[in-house]
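Here's the structure, in C-alpha cells; my notes come after.
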Amino acid sequence: MMYDYLIVGTGLFGAVVAQQMKAAGKSVLMVDKRLHIAGNVYTEQIEGIHVHTYGAHIFHTNNQRVWDYITQFAEFNRFTNSPVANYHGELYSLPFNMYTFHKMWGVVTPEEAAAKIEEQRQAAGITEPKNLEEQAISLVGTDIYQKLIRGYTEKQWGRPCDQLPAFIIKRLPVRLTFDNNYFNALYQGIPVGGYTRMVANMLDGIDVRLGVDYLENKAELDALAQKVVYTGPIDAYFAFRLGELEYRSVRFETEVLDKSNFQGNAAVNYTDKETPWTRIIEHKWFEFGRDAAGNELPKTVISREYSSEWKPGDEPYYPINDEKNAKLYSEYKKLAEQEENVIFGGRLGEYKYYDMDAVIASALELCDSITC
Ligand code: FAD
Ligand code: UDP
C-alpha cells in the first residue's frame with residue numbers, strides 16, 4: 001500500500017496533521033516508537049484515575065480556532081490550575097498574586113504590594129533585566145525570588161538563574177488581584193475521559209503502527225509514502241552530525257497510596273533547593289477526585305518529578321532555548337529545509353518550548369499551507 005503521508009510520532013502535532021490530512025482525503029500511515037499513541041499527553045488509568053504519565057498536562061488557550069478544533073474530539077472539564085508552592089513547609093499561592101503577597105509580607109492592599117515590590121526592585125538596582133534572576137526580582141521582588149523562584153528554577157533547569165533567559169519566568173502571571181488561576185487563558189480544562197481517548201478520537205480510521213522506530217527503519221518506511229511528517233528530535237534525524245541539542249529530562253516516580261487525599265491539590269511545587277523533586281502531582285484532582293460515574297475514589301496516585309540533564313537514552317522533554325542551542329538548531333533547520341519531501345514539526349522537530357495549544361495551532365497552519 002502506498003500512502004500520501006507517513007507521520008512519525010502520534011503526539012499532538014502528528015495527530016492534528018493526520019486528522020486534517022485524512023479529512024482532506026489523503027491516505028495516512030502513522031508510526032510511533034512508543035507502545036502507545038498520544039506522545040507526551042498520554043494518560044493511563046490506575047485505580048480509576050487518569051494518570052498523566054509524562055507529567056501534568058493542563059490544556060489552556062486563548063486561540064478560538066484551536067479551542068473549536070480540539071473540542072470536536074473531547075469535552076473538557078472545568079479544572080483550573082492553581083498550584084501551591086511549598087517552601088520548607090510554608091505554603092504560598094501561585095501564580096504570584098495578592099494571596100502570595102499577603103502571606104509573604106502581610107500586605108493587604110494592591111498599593112502596599114506594589115510598593116513592596118518596587119522597594120525590593122530598587123534596592124537590587126535593576127533597570128533592564130538581562131537574565132531570569134534580574135527579571136524575576138524586577139517582577140516580584142527579592143523575597144519571592146529567593147523563596148519561590150530560585151530553588152525551583154535551578155532544580156528544573158540545572159543552571160543558575162543568572163545564566164537563564166528572562167523569558168522563561170515571563171510565562172508566569174503576576175497579579176495585584178486575589179486570583180489563583182495559573183493561566184491567563186480564556187479556555188482551560190482537562191479532557192473528560194483522558195487525553196489518550198481524545199487523541200484516539202482524532203486518529204479514528206487512521207493506520208497506526210506502534211513500537212516502530214522510524215530512524216531504524218527509514219528506507220523501508222520512506223518507500224511507503226510520498227511525504228513524511230517527522231515530529232521526533234531534529235538532531236536525531238540527522239544522526240547528530242552537527243552535535244547534540246541539549247534538553248532537560250524528567251524522571252517521574254509514581255506511587256499508588258492507600259488513602260483518599262495526599263496533598264489536597266493537583267500540583268504542589270517544592271520551591272526550596274534541598275528537596276530533590278521539583279513538584280508532586282496528585283492526579284485525581286484533575287478530575288475532582290471522582291471517577292467517570294461521579295463516585296469518590298478511595299485511593300490516590302501521586303508522581304514526584306525529578307529534573308535532570310538529558311543524556312542519550314533518556315526522554316527529551318524541555319528544549320533548552322539558550323543562545324548556544326538556538327544556534328545549533330538553526331544549523332539543523334538549514335539541513336531540514338534541504339530534505340526533500342520531509343516536513344519537520346512539533347516540540348522536538350522544531351526544538352521549541354511549545355504548549356499544547358501552540359502545537360495544535362502550528363499543525364493546523366501547516367495543514368492550511370498544504371491543502372490550500
Ligand atoms: P510529543 O508529544 O513529544 O510527540 C512526539 C512523538 O514522536 C512521541 O510519541 C515519540 O515517541 C515519537 N517519536 C520520536 N522519535 C521517533 C522515532 N524515531 N520514530 C517513531 N516515533 C518517534 N503543554 C500545555 O499546554 N500544558 C501543560 O500543562 C503542559 N505540561 C507539560 C509538562 C511536561 C513535563 C512537558 C515535557 C511538556 C508539557 N507541555 C504542556 C507541552 C506539551 O507536552 C507539548 O506541547 C506537546 O505534547 C507536544 O506535542 P508533539 O507532538 O510536538 O510532541
Ligand atoms: N517557576 C518558579 N516557581 C514555581 C513555578 C515556576 O520559579 O513555583 C518558574 C520556573 O523558572 C519555570 C517557569 O517559572 O521554569 C515557568 O513555569 P511553568 O509552570 O510555566 O513551567 P512548565 O513546567 O509549564 O514548563
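Whatever order the structure lists ligands and atoms in, that order sets their numbers, starting from 1.
Considering backbone and side-chain atoms alike, L12 places an N or O below 3.5 Å from some N or O of ligand 1. Polar contact with ligand 1: present for M356 (N/O pair, distance under 3.5 Å). By the 3.5 Å distance cut-off applied to N or O atoms, Y230 is not counted among the residues near ligand 1. Close N/O approach between R279 and ligand 1 is not found [any backbone or side-chain N/O within under 3.5 Å]. Looking at ligand 1, you'll find an N or O of R347 within less than 3.5 Å of one of its N or O atoms. On a distance-only criterion, Y317 and ligand 1 share no N/O pair closer than 3.5 Å. Remark: ligand 2 and Y182 share an N or O pair separated by less than 3.5 Å (distance only, no angle test). For ligand 2, none of its N or O atoms has an N or O atom of F96 under 3.5 Å away. Geometrically, ligand 1 and L348 share no nitrogen or oxygen pair separated by less than 3.5 Å. In terms of N/O distances under 3.5 Å, ligand 2 is approached by Q156.
The ligand atoms of ligand 2 that sit less than 4.0 angstrom from a heavy atom of I149 are 7 (O). Of all atoms in ligand 2, numbered sequentially from 1 with element shown, those under 4.0 Å from a heavy atom of L148 are 2 (C), 3 (N), 4 (C), 7 (O), 8 (O). Here is the list of ligand 2 atoms found below 4.0 Å of a heavy atom in I169: 9 (C), 14 (O).
Ranking the protein heavy atoms by distance from atom 30 (N) of ligand 1 puts A56 O, 3.0 Å first. For atom 11 (O) of ligand 2, the nearest protein heavy atom (residue, atom name, distance) is T153 OG1, 2.7 Å. Shortest contact from atom 23 (O) of ligand 2 to any protein heavy atom: Y318 OH, 3.3 Å. Among protein heavy atoms, atom 16 (C) of ligand 2 sits closest to I168 O, 3.6 Å. Ranking the protein heavy atoms by distance from atom 15 (N) of ligand 1 puts G232 CA, 3.6 Å first. N269 ND2, 3.4 Å is the protein heavy atom nearest to atom 5 (C) of ligand 2. The protein heavy atom nearest to atom 19 (N) of ligand 1 is Y214 N, 3.0 Å. In terms of protein heavy atoms, atom 2 (C) of ligand 2 is closest to Y152 CD2, 3.5 Å. Among protein heavy atoms, atom 44 (C) of ligand 1 sits closest to Y354 O, 3.6 Å. For atom 40 (C) of ligand 1, the closest heavy atom belonging to the protein is H57 CD2, 3.6 Å. The protein atom (non-hydrogen) at minimum distance from atom 2 (O) of ligand 1 is N40 N, 2.9 Å. In this structure, the protein non-hydrogen atom closest to atom 21 (O) of ligand 2 is Y353 OH, 3.4 Å. Closest protein heavy atom to atom 4 (O) of ligand 1: G11 CA, 3.6 Å. Protein heavy atom in closest approach to atom 33 (C) of ligand 1: Y318 OH, 3.5 Å.
A salt bridge does not link E134 with R121: none of the charged nitrogens is closer than 4.0 Å to a carboxylate oxygen. Using a 4.0 Å cut-off between a side-chain N of Lys or Arg and a carboxylate O of Asp or Glu, K333 and E350 do not qualify as a salt bridge. A salt bridge between R65 and D68 is absent, with no side-chain N of the basic residue lying under 4.0 Å from a carboxylate O of the acidic one. Between E246 and K324 there is a salt bridge, since at least one side-chain N of the basic residue sits less than 4.0 Å from a carboxylate O of the acidic one. Electrostatic pairing of E253 and R304 does not count as a salt bridge here, judged by no charged N lying under 4.0 Å from a carboxylate O. Salt bridge absent: E154 and K273 never bring a charged side-chain N and a carboxylate O closer than 4.0 Å. Classification of D162 and K130 as a salt-bridged pair fails, no side-chain N sitting under 4.0 Å from a carboxylate O.
Below 30°, between 30° and 60°, or above 60°: for W67 and F76 the angle between ring planes is between 30° and 60°, a tilted geometry. The aromatic rings of Y99 and F178 sit perpendicular to each other, their planes meeting at more than 60°, with 30° as the lower class boundary. In this pair, Y195 and H52 present their aromatic rings perpendicular. The plane angle is above 60°, beyond the 30 to 60° band.
Using a 4.0 Å cut-off between heavy atoms, L172 contacts ligand 2 through its side chain alone, with no backbone atom that close.
Considering D357, D213, L210, L35 only, the shortest heavy-atom separation from atom 18 (N) of ligand 1 involves D213. When K147, R279, K155, R171 are checked for heavy-atom proximity to atom 24 (O) of ligand 2, R171 turns out nearest. Nearest-heavy-atom check against atom 26 (N) of ligand 1 across V31, T278, D355, I58 picks out I58. Summarising the contacts of atom 8 (C) of ligand 1 with V212, T231, D32, the nearest heavy atom is found in D32.
Residue Q188 forms a side-chain hydrogen bond (donor to acceptor under 3.5 Å, both in side chains) with just one option from N77, T61, N181, and that option is N181. Partner T53 forms a side-chain hydrogen bond (donor to acceptor under 3.5 Å, both in side chains) with one of H283, H36, E44 and no other, that one being E44.
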Q.
Working note: Y54 + F252, criterion ring pair (Phe, Tyr, Trp, His ring centres under 6.0 Å); need CA distance, chi angles, decisive distance, verdict.
A. CA-CA 7 Å; Y54 301 97; F252 301 98; 7.1 Å; no

Q: List the steps and the verdict of ring pair (Phe, Tyr, Trp, His ring centres under 6.0 Å) for Y247 and Y351.
A: CA-CA 9 Å; Y247 298 89; Y351 194 67; 5.3 Å; yes

Q | Evaluation steps, ring pair (Phe, Tyr, Trp, His ring centres under 6.0 Å), between Y318 and W310 | A | CA-CA 9 Å; Y318 294 101; W310 176 86; over 10 Å; no

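Between A136 and I169, the shortest heavy-atom contact is N-CG2, 4.2 Å. Residue M2 comes nearest to A225 through the heavy atom pair CE-C, 3.6 Å, listed as atom of the first residue, atom of the second, then distance.
Remark: R251 is positioned above the aromatic ring of Y306, its terminal NZ or CZ atom under 6.0 angstrom from the ring centre and at most 45 degrees off the axis.
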